[in-house]
Amino acid sequence: MTSERMYMKTMSRSTNSLYYSSIANLRSNTYSSSINSSCSSWNTQLRELAKQGQYQKALNLYPQLVSSGASPNAFTFPFALKSCAALCLPVPGQQLHAHVIRTGCHSEPFVQTALMSMYCKCSLVENARKLFDESPYARTLTVCYNALIAGYTHNFELCNAVLLFCKMRLLDVSVNSVTMLGLIPGCTVPLHLGFGMSLHCLNVKCGLDGDMSVGNCLLTMYVRCGSVCSGRKFFDDMHEKGLITWNAMISGYAQNGHASLVLDLYREMELKGMSPDPVTFVAVLSSCANLGASKIGTEVEQKIKRRGFGYNLFLQNALINMYARCGNLVRAHTIFNDMPEKNLVSWTAIIGGYGIHGHGENAVQLFDQMIDAGIQPDKTVFVSILSACSHAGLTDRGLKYFDSMEKKYGLQPGSEHYSCVVDLLGRAGRLKEALGLIESMPDKPDGAVWGALLGACKIHRDVELAELAFERVIELEPTNIGYYVLLSNLYSETKNMEGILKVRVMMRERKLRKDPGFSSVEYSGRTHLFMAGDRSHPQTEGIYAMLYRLEDLTKEANESEKNDEDGRNSELGNNTRVHSERLAIAFALMNTALGSQILVTKNLRVCGDCHVFIKLVSKIVDRQFVIRDATRFHHFQNGVCSCNDYW
DNA sequence: TTAGGGTTAG
């Protein structure tokens, strides 16, 4: 939808027609009789609304101002233009530009700057540049450079931003912290980090390093480039830290997958007396979801309610995601149902939640409901639904959705969708079709696509095709150890000793080592990680003692099951749902003590001796249980996983 | 009464 159509839709019909008729009045100069009317009270209202972020209301006020007979002056336009910029509405913005010229306000520098900024934010940087080049004074004003530099950066034209910055320096126009704030966000990809670091040096050289906003921006740059350690060092060295500083570091950890560090820093933040806001909670909840730490997540939910953030859409979506990923689909669905307003992310979170737990039918039902509700799907929700169909064995349904992506919704499938469909076909044993699909891909398939085929070959023991998929996948991801292990396991299952040896030699030659598996348990608000043979926990002796007394574990499991009336379990962080904290710790230790790779890293799909562990758990907990790996939950009954995957 | 900027979910 174009911005103009969006604008038309968001404005009420009456205000809209008023707006356009007021423009017609200006064009025909019929307003000239009332040109002397004062507009200062209108300007005050406009300013207040724009400052409060009520941009639509501010913009709606403008046609009222004109039709009342008041004449807009130079102080009217910056607020009206700012509102257009914030709402990304280029058409009203251009009409305001025409008004600016008609009313003779175009010679005011601050009006010119507001116009440039508006064009930049509406992705019309060339219009802004034209204004800049034609203006007699813009090349001497820092604010004009700042507006245009930020515009180039936001429109992914870092090169032009840098050129303009150089021009500014050559002409000796003073650089201030806002110049930095416009440039640094262009350096949030690893390729540009070097330039960002030189800006960091320049910032210190110019004596601007006391500015917290620039510090926040630099911190974000480091963490977004994946330089988490540099970011943390910079964070620790910052003289003054505000809420945004803490949020930038916490979100940085979350975005880089350091979920435990997120929780540590969150705790530190609270101890320092800094009050978290919705941005903090979003990162914390996302980390709870990754760690399976639903108890901490529930505490966060209480805090959110106490702070009055309960209706924040971001937080509601983060809560759905957290509960769904931790296995509490009932709570996730309740939050989803209770939401007064749902967006595409809310639907994606709940659909994905059902998908990862193997409840494909629910996911499909929800997806169809979403379409009926008039929500336009995007590529991300298609990944969720295709993956849900794949895990639940809904092959034809999944293929139908895949087919509809482009035909019905105009969405070009990406490699992530192809890998889901390869997985979908592969799990159903349709390996040749899966290969055909890969060969028909418009772009070169990535590692995940060939990896999905390799995984399917492993399930169906197709050695020949597995070898082809393996060859392709390691060309693309030569250091991804999971694929070597997958092929090795297939050779092992088919008693191909020569093959096993071949893979081992390759791994040794490439100096690849398996990441150590670990378990985690959430207890008293902290997440404890255990490695195989790990004895670093302060209560190691007691835990190991318990570990070797299986009868006690059985007894405790039975007792806690009796007490488990409301169906809410204590949880073993990333692995097994159990019914007592002590039992949970013992399980975690048992897992690691046996060297079983229950919890695997993103790329490592191997379970080592986990079958031993599963048999033990089955003995102790004579009921269904759930184990979670890096990608999803596995539901076991009588020691067998329903997905029949790689256990 | 005036222009430029930084952190958030699937």
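Predicted model only: the values in this text are computed from it and were never measured. Residue numbers begin at 1 in each chain, while the letters A, B, ... track the order of the sequences.
- Rounded to whole Å, atom C1' of dT8(B) lies 14 Å from atom CG of Leu319(A).
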Donor-acceptor contacts, no H, no angles, side chain residues 121-129 of chain A, under 3.5 Å, sequence neighbours left out:
residue	atom	partner	partner atom	Å
Ser123(A)	OG	Asn155(A)	OD1	3.4
Arg129(A)	NE	Asp133(A)	OD1	3.2
Arg129(A)	NE	Asp133(A)	OD2	3.4
Arg129(A)	NH1	Tyr152(A)	OH	3.3

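- To the nearest angstrom, C1' of dT8(B) lies 16 Å from CG of Leu265(A).
- Checking the phosphate oxygens (OP1, OP2) of dA3(B), no side-chain nitrogen or oxygen of His106(A) falls inside 4.0 Å.
- With sequence neighbours excluded, no residue forms a salt bridge (charged side-chain N to carboxylate O under 4.0 Å, His left out) with Lys408(A).
- The Thr220(A) side chain lies nearest to dT7(B) when the options are dT7(B), dT1(B), dG5(B).
- Out of dT1(B), dT7(B), dA9(B), the shortest distance to the side chain of Val345(A) is found at dA9(B).
- Applying the side-chain contact (heavy atoms from CB on, under 4.5 Å) test between Met370(A) and each of Leu344(A), Ile350(A), Thr348(A), Ile385(A) identifies Leu344(A) as the sole match.
- Among dA9(B), dT1(B), dT8(B), the nucleotide with an atom closest to any side-chain atom of Asn317(A) is dA9(B).
- If you measure from atom CG of Leu243(A) to atom P of dG6(B), you get 16 Å, rounded to the nearest angstrom.
- In this structure, Arg47(A) places its CZ atom 8 Å from P of dT1(B), rounding to the nearest Å.
- The residue Leu285(A) sits apart from the nucleic acid: no heavy atom pair falls under 4.0 Å.
- The CG atom of Asn312(A) sits 14 Å away from the C1' atom of dT7(B) (whole-angstrom rounding).
- Between the CD1 atom of Ile351(A) and the C1' atom of dG10(B) there is a distance of 10 Å, rounded to whole Å.
- Contacts of Asn343(A) with the nucleic acid, taken as non-hydrogen atoms under 4.0 Å apart, include base atoms.
- Looking at heavy atoms from C-beta onward, Tyr62(A) lies in side-chain contact with Thr76(A) at the 4.5 angstrom threshold.
- Taking side-chain N and O atoms only, Arg224(A) has a distance below 4.0 Å to OP1 or OP2 of dT8(B).
- Listed in residue order, the members of residues 244-256 of chain A having a heavy atom less than 4.0 Å from DNA chain B are Ile244(A), Asn247(A), Ser251(A), Gln255(A).
- When distances run from any side-chain atom of Phe314(A) to the nucleotides dG10(B), dT8(B), dG5(B), the shortest one goes to dT8(B).
- Across residues 189-200 of chain A, not one residue has a non-hydrogen atom less than 4.0 Å from an atom of DNA chain B.
- Annotation: proximity of residues 207-219 of chain A to DNA chain B (heavy atom, distance under 4.0 Å) is found for Ser213(A), Asn216(A), Cys217(A), numbered in ascending order.
- One atom, OH of Tyr323(A), and another, C1' of dA9(B), lie 16 Å apart when rounded to the nearest Å.
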Salt bridge (Lys or Arg N to Asp or Glu O under 4.0 Å) evaluation trace for Asp236(A) with Lys233(A): CA-CA 5 Å; Asp236(A) 288 336; Lys233(A) 192 176 175 305; over 6 Å; no
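- The salt bridge (Lys or Arg N to Asp or Glu O under 4.0 Å) analysis of residues 364-383 of chain A, with sequence neighbours excluded, yields the pairs Asp368(A)-Arg397(A).
- In this structure, Lys121(A) reaches the dG5(B) phosphate: one of its side-chain N or O atoms is under 4.0 Å from OP1 or OP2.
- For Phe79(A), whose side chain is taken as the heavy atoms from C-beta onward, the closest listed nucleotide among dT8(B), dT2(B), dG6(B) is dT2(B).
- Distance, His154(A) NE2 to dG6(B) P: 4 Å, rounded to whole Å.
- Because its NZ or CZ atom is not both nearer than 6.0 Å to the ring centre of Tyr55(A) and within 45° of the ring axis, Lys82(A) does not count as a cation-pi partner of that residue.
- Donor-acceptor pairing under 3.5 Å, judged by distance alone, is present between the side chain of Asn176(A) and the base of dG4(B).
- The side chain of Val282(A) approaches dT8(B) more closely than any other nucleotide in the set dG5(B), dT8(B), dG10(B).
- The listed nucleotides are dA9(B), dT2(B), dA3(B); the one nearest the side chain of Ala114(A) is dA3(B).
- A donor-acceptor pair is defined here as one N or O able to donate and one able to accept, closer than 3.5 Å; such a pair exists between the side chain of Thr298(A) and the backbone of Ser294(A).
- Taking the side chain of Thr348(A) as heavy atoms from C-beta on, and the options dG4(B), dA9(B), dG10(B), the nearest nucleotide is dG10(B).
- Summarising the local packing, NZ of Lys241(A) is surrounded by more than 12 heavy atoms from other residues, nucleotides or ligands at distances under 6.0 Å.
- By the 6.0 Å contact criterion, OH on Tyr409(A) is enclosed, its count of non-hydrogen atoms from other residues, nucleotides or ligands being greater than 12.
- The side chain of Asp378(A) has dG10(B) as its nearest neighbour among dG10(B), dT7(B), dA9(B).
- A donor-acceptor contact under 3.5 Å is not formed by the side chain of Asn146(A) with the base of dG5(B).
- Heavy atoms from other residues, nucleotides or ligands lying under 6.0 Å from CD of Gln365(A) number 12 at most.
- Within 4.0 Å (heavy atoms only), Asn321(A) reaches sugar-phosphate atoms of the nucleic acid but no base atom.
- Side-chain N/O atoms of Asn343(A) and Ser346(A) include a donor and acceptor closer than 3.5 Å.
- Counting any heavy atom pair closer than 4.0 Å across all strands shown, Thr380(A) reaches a base atom.
- Within 6.0 Å of the CD atom in Glu406(A), the count of heavy atoms belonging to other residues, nucleotides or ligands exceeds 12.
- No more than 12 heavy atoms of other residues, nucleotides or ligands shown are found within 6.0 angstrom of CZ on Arg139(A).
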